[in-house]
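A short worksheet on the structure shown next.
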Number of protein chains: 2
Amino acid sequence: MSAKDSQYLKKVGLKATLPRLKILQVLESSGFARHMTAEDVYKALLEQGDDVGLATVYRVLTQFEQAGVLTRHHFEGGQSVFEMDEGSHHDHILCTRCGRVDEFIDPVIEERQQAIADKFGYMMQDHSLYIYGICKHCRKKDKPAK
Amino acid sequence: MSAKDSQYLKKVGLKATLPRLKILQVLESSGFARHMTAEDVYKALLEQGDDVGLATVYRVLTQFEQAGVLTRHHFEGGQSVFEMDEGSHHDHILCTRCGRVDEFIDPVIEERQQAIADKFGYMMQDHSLYIYGICKHCRKKDKPAK
DNA sequence: TTGATTGCAAAGAATTTGCACTGGG
DNA sequence: CCCAGTGCAAATTCTTTGCAATCAA
């Protein structure tokens, strides 16, 4: 199920161990949710019958982050949230009711950020933009309730 | 030193106790730094000879946040960082070397954010934008070093 | 083989909570 | 006076670490 993944791990300089392959697989197949905490990954593994320690999940996620395999986000609420890094930078808009997450990229904003960094004399390394709101789905539910 | 602060606390619905007054004062006079962790506030109080429990600092900061007196940020690194809410929204650009924080507001970005929320069907409530980089000061130090 | 990796349990850091005591209104 | 507010220590939550056992190359 993962000759490809095995190659991939070696390519980024990580030995292709079973836990790492499993974790990679969970992240790849996380589908629409795409944003998982260490705990989420751990539970997903348990549910599919794979017995990996929580400490290992944390270690591997950190290694993946350093290897550029995934990105760590600091959403509100404390825990770190991880997401596969598919190469293309993007920002997030999230629903404070249901937790839904959408991704976007806006060239104008990107450009302005660079301009601001320049203006303040910073060499920009990174940035994070989160928009918080209530998605249409949750707003729809509201109306009748009230 | 704080008849004004005392009024202020009452106005936002909080009893004007000594710890709350002291904490408010520390935040108000934090001057250029302006961004403090609970621990920072706690240490500042100890240094000026005021004996307030760390738990109380956390409790009061949370109350202040709920009362709209200050804003809680989640910068990288885990801890919450607090800042007096002077009414005007702004974003942050921070140095990953020295921790320097600058504030800015960009009308174009604000406007684009609203447009994006609209496009995705969100009712925007809030947003946070952090730009990370290396400030000119730190870059200057680099050159000779290398 | 053999050093890298894992699992578990213990350690840590940040923050919260239970509870008897204290102070503001 | 009386309850909200406080201090302290214990409890929680998330994450990291030490170390012996295990696994990939």
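Excluded from the calculations below are hydrogen atoms, water molecules and symmetry mates; all remaining heavy atoms, backbone and side chain alike, are included. We name chains A, B, ... by the order of the sequence lines, and we start the count at 1 in each one. Keep in mind it's a predicted model, so treat the numbers as computed, not measured.
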Among the candidates [options], find the nucleotide nearest to the side-chain atoms of [X].
{"X": "T17(B)", "options": "dT6(D), dA9(D), dC19(D)", "answer": "dT6(D)"}
{"X": "V60(B)", "options": "dT6(D), dC19(D), dA25(D)", "answer": "dT6(D)"}
{"X": "A55(B)", "options": "dA9(D), dC19(D), dT6(D)", "answer": "dA9(D)"}

Whole angstrom value for the distance that separates [atom2] of [N] from [atom1] of [X]:
{"X": "L54(A)", "N": "dC14(D)", "atom1": "CG", "atom2": "P", "answer": "10 Å"}
{"X": "E65(A)", "N": "dT16(D)", "atom1": "CD", "atom2": "C1'", "answer": "14 Å"}
{"X": "Q66(B)", "N": "dG5(D)", "atom1": "CD", "atom2": "P", "answer": "12 Å"}
{"X": "L9(B)", "N": "dA4(D)", "atom1": "CG", "atom2": "C1'", "answer": "14 Å"}
{"X": "K10(A)", "N": "dA24(D)", "atom1": "NZ", "atom2": "P", "answer": "11 Å"}
{"X": "L45(B)", "N": "dT6(D)", "atom1": "CG", "atom2": "P", "answer": "12 Å"}
{"X": "L61(A)", "N": "dT16(D)", "atom1": "CG", "atom2": "C1'", "answer": "13 Å"}
{"X": "E39(A)", "N": "dT12(D)", "atom1": "CD", "atom2": "C1'", "answer": "13 Å"}

Is there a donor-acceptor contact under 3.5 Å linking the side chains of [X] and [Y]?
{"X": "H89(B)", "Y": "E110(B)", "value": "yes"}
{"X": "Q114(A)", "Y": "H127(A)", "value": "no"}
{"X": "E65(A)", "Y": "T71(A)", "value": "no"}

Open item on the list: Can you tell me how far apart CD1 (I134(B)) and NZ (K140(B)) are? Round to the nearest 0.5 Å.
Closed with: 14.5 Å
Open item on the list: If you assign Q79(B) and K15(B) each to the DNA chain C nucleotide with the nearest heavy atom, which residue ends up on the more 5' nucleotide?
Closed with: Q79(B)
- [ ] Would you mind telling me which residue lines up with the more 5' stretch of DNA chain C, A16(B) or S80(B), judged by nearest nucleotide?
- [x] S80(B)
Task: Any side-chain heavy-atom pair of E39(B) and Q79(B) under 4.5 Å - done: no
TODO: Check whether any side-chain heavy atom of F82(A) lies under 4.5 Å from a side-chain heavy atom of R72(A), and answer yes or no.
DONE: yes
Open item on the list: Pairs counted only when both distances fall under 3.5 Å, Watson-Crick or G-U: show me the 5' to 3' dot-bracket for DNA chain C, [ ] for pseudoknotted crossings and | for other-strand partners.
Closed with: |||||||||||||||||||||||||
Task: Parallel, tilted or perpendicular: ring planes of Y130(A) versus H73(A), cut at 30 and 60 degrees - done: perpendicular
TODO: May I ask you to decide if the ring planes of F104(A) and F120(B) are parallel, tilted or perpendicular, using 30° and 60° as cut-offs?
DONE: tilted
Task: side chain to side chain contact (heavy atoms under 4.5 Å, CB included) assessment of I116(A) paired with Y122(A) - done: CA-CA 8 Å; I116(A) 288 157; Y122(A) 282 73; over 6 Å; no
Open item on the list: Classify R20(A) by what it touches in the nucleic acid, base, sugar-phosphate, or nothing, heavy-atom distance under 4.0 Å.
Closed with: sugar-phosphate
Task: Nucleotide range of DNA chain C lying under 4.0 Å from chain B heavy atoms - done: dA14(C) to dG25(C)
